[in-house]
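To keep things clear, I will list the structure first and then write my remarks on it.
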Amino acid sequence: MSAQRIDGKQISESIRKELAREAEQLKSQGIVPGLAVVLVGEDPASKVYVGSKEKACHQLGFYSEVHRLPESTTQEELLALIDRLNAQPTVHGILVQLPLPRHIDEKAVIDAIAPEKDVDGFHPISVGNLVIGDDSLLPCTPAGVIELIKRSGVEIAGKHAVVIGRSNIVGKPVAMLLLRENATVTICHSRTADLPAIARQADILVVAIGRPKAIRRDCVKPGAVVIDVGVNRLPDGKLAGDVDYDDCLDVAGAITPVPGGVGPMTITMLMKNTLEAAKRIGR
Ligand code: GUN
């Protein structure tokens with residue numbers, strides 16, 4: 001039997017409708033959620049992502065400002081801008097698009113963002129709160145993965161979740177969020193011995209390794225929920241996930257496509273974080 005296709009686009013649209021309603025309510029109290037996005041340099045993919053974030057803000061009636069800075073921007077200039085945005089009352093969320101040019105220390109920049117405006121959830125204080133289970137802004141892609149699973153009607157508590165990948169922006173935080181949802185969590189990575197045997201134990205399999213179609217049906221337990229975080233550009237220009245979708249389709253119980261699965265959720269969760277920051281900070 002063919003797996004249920006988890007439609008990230010549809011789920012993302014229904015969350016955006018909820019957010020638009022909440023934003024209207026906030027506006028009636030005089031608060032307009034505001035997001036500042038900072039882009040340094042000319043990376044083509046980053047330009048597209050930043051454009052999508054700007055568009056999402058407009059769609060939801062949020063205040064948006066985008067700072068497009070030249071490649072030659074110094075670290076001091078960027079840190080000075082972040083200081084200004086930290087103090088600016090119309091801005092509730094600050095996102096510095098990564099990667100940054102090589103002459104800028106990414107960590108110094110992330111550390112400079114006020115944690116209450118850290119809508120990426122990358123600041124060490126946000127990461128610490130995530131681990132402790134405190135109420136901080138959650139990193140967007142991992143939070144999107146959890147929403148997709150929940151809104152597909154899948155119960156997480158008590159399930160064995162296997163995460164393949166241990167990056168700071170997806171693997172580690174998604175594992176922490178699954179643990180917070182009371183899953184039993186295993187993290188696999190490039191040095192894991194017999195990865196397929198462990199992956200096959202998963203009721204929920206989350207894959208974030210950045211290698212196109214690397215995970216095939218030998219890694220999937222019949223009926224498992226498979227969430228593919230990978231976005232890889234193939235030589236023919238098409239996008240492919242980390243999971244071989246066609247190969248896994250008749251083994252999995254439910255599976256996300258690429259594109260149209262996790263991808264649309266990331267910006268939606270960024271909007272959710274911006275709204276949440278606005279609620280907490282107020283005007
Ligand atoms: N570059 C690619 N993904 C992301 C993200 O989620 N946040 C930021 N700031 N930069 C990125």
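Note that ligands are numbered from 1 as they come in the structure, with each ligand's atoms numbered from 1 the same way. Along the sequence shown, residues carry numbers from 1.
- The stretch residues 34-45 participates, sequence neighbours left out, in these side chain to side chain donor-acceptor pair (under 3.5 Å) pairs: E42-K47, D43-S46.
- The side chain to side chain contact (heavy atoms under 4.5 Å, CB included) test with H67 singles out one residue from L81, I82, V50, and that residue is L81.
- If you check the side chains of D228 and T256, you find no donor sitting under 3.5 Å from an acceptor.
- In this structure, N129 and R180 approach most closely via the heavy-atom pair O-NH1, 4.1 Å.
- Residues E77 and T74 come closest through the heavy atom pair OE1-N, 2.9 Å.
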N/O to N/O under 3.5 Å, ligand 1 against protein:
from	atom 1	to	atom 2	distance (Å)
ligand 1	1 (N)	Q97	NE2	3.1
ligand 1	1 (N)	L98	O	2.9
ligand 1	7 (N)	D120	OD1	3.0
ligand 1	7 (N)	D120	OD2	3.3
ligand 1	9 (N)	V96	O	2.8
ligand 1	9 (N)	D120	OD2	2.5
ligand 1	10 (N)	L98	N	3.0

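- Shortest non-hydrogen contact noted between V119 and I94 is CG2-O, 3.5 Å.
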